[in-house]
Amino acid sequence: MYERMLNKQEVPTFDDLIRCSGASGDLWLALDEHMTTAYNAAKQIRFPYGKDYGWSAKYSVKSKHICDIFAENGACTALFQVSTKAMETVLDELGTYAKQVWADKSPCASGGWIEFRALDEAQMQDLKKIIHAKVTVRGK
(Lines give C-alpha, C1' and ligand atoms only; values in the text may rest on other atoms or scores of the structure.)
Protein backbone atom coordinates (compact mmCIF):
# COMPACT_ATOMS: atom_id res chain seq x y z
CA MET A 1 0.00 0.00 0.00
CA TYR A 2 2.74 2.49 0.89
CA GLU A 3 5.22 1.53 -1.82
CA ARG A 4 8.33 3.67 -1.99
CA MET A 5 10.18 5.04 -4.98
CA LEU A 6 12.81 2.30 -5.33
CA ASN A 7 14.24 2.85 -8.81
CA LYS A 8 17.69 4.22 -8.08
CA GLN A 9 18.25 4.97 -11.80
CA GLU A 10 15.43 7.56 -11.96
CA VAL A 11 16.40 10.56 -9.82
CA PRO A 12 13.19 12.35 -8.75
CA THR A 13 12.68 16.03 -8.12
CA PHE A 14 11.19 17.25 -4.85
CA ASP A 15 7.91 17.79 -6.72
CA ASP A 16 8.01 14.13 -7.80
CA LEU A 17 8.38 13.08 -4.14
CA ILE A 18 5.43 15.25 -3.15
CA ARG A 19 3.26 13.93 -5.99
CA CYS A 20 4.05 10.33 -5.02
CA SER A 21 2.91 11.08 -1.46
CA GLY A 22 -0.63 11.84 -2.64
CA ALA A 23 -2.84 13.40 0.05
CA SER A 24 0.12 13.42 2.47
CA GLY A 25 2.02 15.62 0.02
CA ASP A 26 0.32 18.75 1.39
CA LEU A 27 1.34 17.74 4.92
CA TRP A 28 4.91 17.23 3.74
CA LEU A 29 4.95 20.63 2.00
CA ALA A 30 3.87 22.29 5.25
CA LEU A 31 6.61 20.43 7.14
CA ASP A 32 9.14 21.42 4.47
CA GLU A 33 8.17 25.08 4.90
CA HIS A 34 8.43 24.73 8.68
CA MET A 35 11.87 23.10 8.49
CA THR A 36 13.10 25.86 6.20
CA THR A 37 11.73 28.80 8.17
CA ALA A 38 12.13 27.55 11.74
CA TYR A 39 15.54 25.88 11.43
CA ASN A 40 16.98 27.12 8.12
CA ALA A 41 17.25 23.45 7.20
CA ALA A 42 18.94 22.37 4.00
CA LYS A 43 17.25 19.75 1.84
CA GLN A 44 18.94 17.14 -0.35
CA ILE A 45 17.27 14.49 -2.53
CA ARG A 46 19.08 11.18 -1.99
CA PHE A 47 18.81 7.39 -2.02
CA PRO A 48 20.10 6.42 1.45
CA TYR A 49 20.28 3.24 3.53
CA GLY A 50 20.04 0.71 0.69
CA LYS A 51 17.63 -0.55 -1.96
CA ASP A 52 14.63 -1.14 0.34
CA TYR A 53 14.31 2.46 1.52
CA GLY A 54 14.05 4.38 -1.73
CA TRP A 55 14.27 8.09 -2.46
CA SER A 56 14.04 10.67 0.29
CA ALA A 57 14.60 14.30 1.13
CA LYS A 58 17.32 14.62 3.76
CA TYR A 59 16.95 17.61 6.08
CA SER A 60 19.93 18.94 7.99
CA VAL A 61 20.84 21.99 10.00
CA LYS A 62 24.44 22.95 9.34
CA SER A 63 26.17 19.57 9.42
CA LYS A 64 23.62 17.90 11.73
CA HIS A 65 21.29 15.34 10.15
CA ILE A 66 17.70 15.96 11.26
CA CYS A 67 15.73 13.38 9.30
CA ASP A 68 15.05 11.73 5.99
CA ILE A 69 11.50 11.86 4.67
CA PHE A 70 10.64 9.10 2.24
CA ALA A 71 8.02 9.41 -0.47
CA GLU A 72 5.50 6.60 -0.41
CA ASN A 73 2.44 5.92 -2.52
CA GLY A 74 -0.13 8.03 -0.63
CA ALA A 75 2.06 8.82 2.38
CA CYS A 76 5.39 10.07 3.62
CA THR A 77 7.54 8.62 6.38
CA ALA A 78 10.25 10.34 8.41
CA LEU A 79 13.18 8.23 9.59
CA PHE A 80 15.57 9.61 12.16
CA GLN A 81 17.41 9.12 15.40
CA VAL A 82 16.25 10.96 18.52
CA SER A 83 17.52 10.89 22.08
CA THR A 84 15.54 9.75 25.08
CA LYS A 85 16.30 13.13 26.66
CA ALA A 86 14.68 14.98 23.76
CA MET A 87 11.66 12.65 23.71
CA GLU A 88 11.08 13.09 27.44
CA THR A 89 10.47 16.80 26.84
CA VAL A 90 7.51 16.14 24.49
CA LEU A 91 6.22 12.64 25.22
CA ASP A 92 3.30 13.78 27.40
CA GLU A 93 2.09 16.12 24.62
CA LEU A 94 2.02 13.45 21.90
CA GLY A 95 -0.89 11.41 20.60
CA THR A 96 -1.28 7.65 20.83
CA TYR A 97 0.33 6.95 17.46
CA ALA A 98 3.47 9.00 18.22
CA LYS A 99 3.86 7.34 21.61
CA GLN A 100 3.60 3.92 19.95
CA VAL A 101 6.21 4.88 17.35
CA TRP A 102 8.56 5.79 20.20
CA ALA A 103 7.77 2.54 22.05
CA ASP A 104 8.58 0.61 18.86
CA LYS A 105 11.88 2.44 18.20
CA SER A 106 15.05 0.63 17.23
CA PRO A 107 17.29 1.28 20.25
CA CYS A 108 20.51 3.12 19.56
CA ALA A 109 22.89 4.83 21.98
CA SER A 110 20.89 7.10 24.30
CA GLY A 111 17.68 6.94 22.29
CA GLY A 112 16.60 5.25 19.13
CA TRP A 113 15.68 5.32 15.47
CA ILE A 114 12.04 5.99 14.74
CA GLU A 115 10.04 5.58 11.56
CA PHE A 116 7.11 8.00 11.67
CA ARG A 117 4.44 7.82 8.93
CA ALA A 118 2.33 10.99 9.14
CA LEU A 119 -1.09 10.46 7.56
CA ASP A 120 -3.04 13.37 9.03
CA GLU A 121 -2.56 16.83 10.50
CA ALA A 122 -2.48 15.65 14.13
CA GLN A 123 0.29 13.16 13.37
CA MET A 124 2.23 15.81 11.46
CA GLN A 125 1.97 18.16 14.44
CA ASP A 126 3.37 15.41 16.66
CA LEU A 127 6.21 14.87 14.20
CA LYS A 128 6.99 18.60 14.30
CA LYS A 129 7.12 18.47 18.11
CA ILE A 130 9.55 15.56 18.04
CA ILE A 131 11.75 17.24 15.44
CA HIS A 132 11.72 20.46 17.48
CA ALA A 133 12.86 18.53 20.56
CA LYS A 134 15.59 16.82 18.54
CA VAL A 135 16.87 20.14 17.19
CA THR A 136 16.72 22.11 20.45
CA VAL A 137 17.43 19.72 23.35
CA ARG A 138 21.09 19.48 24.35
CA GLY A 139 22.70 16.12 24.88
CA LYS A 140 21.16 14.51 21.83
Checklist outcome for this item: Rounding to 0.5 Å, atoms CG (L119) and CE (M124) come to a distance of 9.0 Å
Next on the checklist: Looking at E33 and K43, is any side-chain nitrogen of the basic one under 4.0 Å from a carboxylate oxygen of the acidic one?
Outcome noted: no
Next on the checklist: With heavy-atom distances below 4.5 Å as the criterion, would you say the side chains of L127 and L31 are in contact?
Outcome noted: yes
Item to check | CG-OH distance between L79 and Y49, expressed to the nearest 0.5 angstrom | outcome: 5.5 Å
Checklist entry - Between I18 and L29, is any pair of side-chain heavy atoms under 4.5 Å apart? => result yes
Checklist outcome for this item: For I130 and A98, the nearest pair of non-hydrogen atoms, with its separation, is CD1-CB, 4.5 Å
Checklist entry - Does the side chain of T77 come within less than 4.5 Å of F116's, by heavy atoms? => result no
Checklist entry - So, for W28 and F14, is the gap between ring centers shorter than 6.0 Å? => result yes
Checklist entry - For N40 and V61, what are the C-alpha separation, side-chain angles and deciding distance, and is it a side-chain contact (heavy atoms from CB on, under 4.5 Å)? => result CA-CA 7 Å; N40 196 29; V61 175; over 6 Å; no
Checklist entry - For the atom pair CD (E72) and OG (S21), what is the distance rounded to the nearest 0.5 Å? => result 7.5 Å
Next on the checklist: Are the side chains of V101 and E115 in contact, using a 4.5 Å heavy-atom criterion?
Outcome noted: no
Checklist entry - What is the ring orientation for F47 with W55, classed by angle as parallel under 30°, tilted 30 to 60°, or perpendicular over 60°? => result perpendicular
Checklist outcome for this item: What one should report as the nearest heavy-atom pair of I131 and C67 is CD1-SG, 4.2 Å
Checklist entry - What is the minimum heavy-atom distance between C76 and I69, and which atoms define it? => result CB-CG2, 3.9 Å
Next on the checklist: Ignoring hydrogens, what is the shortest heavy-atom contact between S24 and G74? Give both atom names and the distance.
Outcome noted: OG-O, 3.5 Å
Next on the checklist: Quick one, R46 and D68 - any side-chain contact, counting heavy atoms below 4.5 Å?
Outcome noted: yes
Item to check | Short side-chain to backbone donor-acceptor contact, T89 and A133, under 3.5 Å | outcome: no
Next on the checklist: Parallel, tilted or perpendicular, judged at 30° and 60°: which one describes the rings of H34 and Y39?
Outcome noted: perpendicular
Checklist entry - Is there side-chain contact between V137 and H132, with at least one heavy-atom pair below 4.5 Å? => result no
Next on the checklist: Just verifying a value: how many Å separate K105 NZ and W102 CH2, rounded to the nearest 0.5 Å?
Outcome noted: 4.5 Å
Item to check | K99 and D126 ion-paired at < 4.0 Å | outcome: no
Checklist outcome for this item: On a heavy-atom basis, the closest approach of G54 and F70 is O-CE2, 3.5 Å
Next on the checklist: Distance check, rounded to the nearest 0.5 Å: S60 atom OG versus I66 atom CD1?
Outcome noted: 7.0 Å
Checklist entry - Can you tell me how far the CZ atom of R19 sits from the CE atom of M5, to the nearest 0.5 Å? => result 8.5 Å
Item to check | Ring centre gap for H65 and Y59 strictly below 6.0 Å | outcome: no
Item to check | Side-chain heavy-atom pair P12, I45 within 4.5 angstrom cut-off | outcome: yes
Checklist outcome for this item: Correct closest heavy-atom pair for P48 and Y53 would be O-CB, 3.6 Å
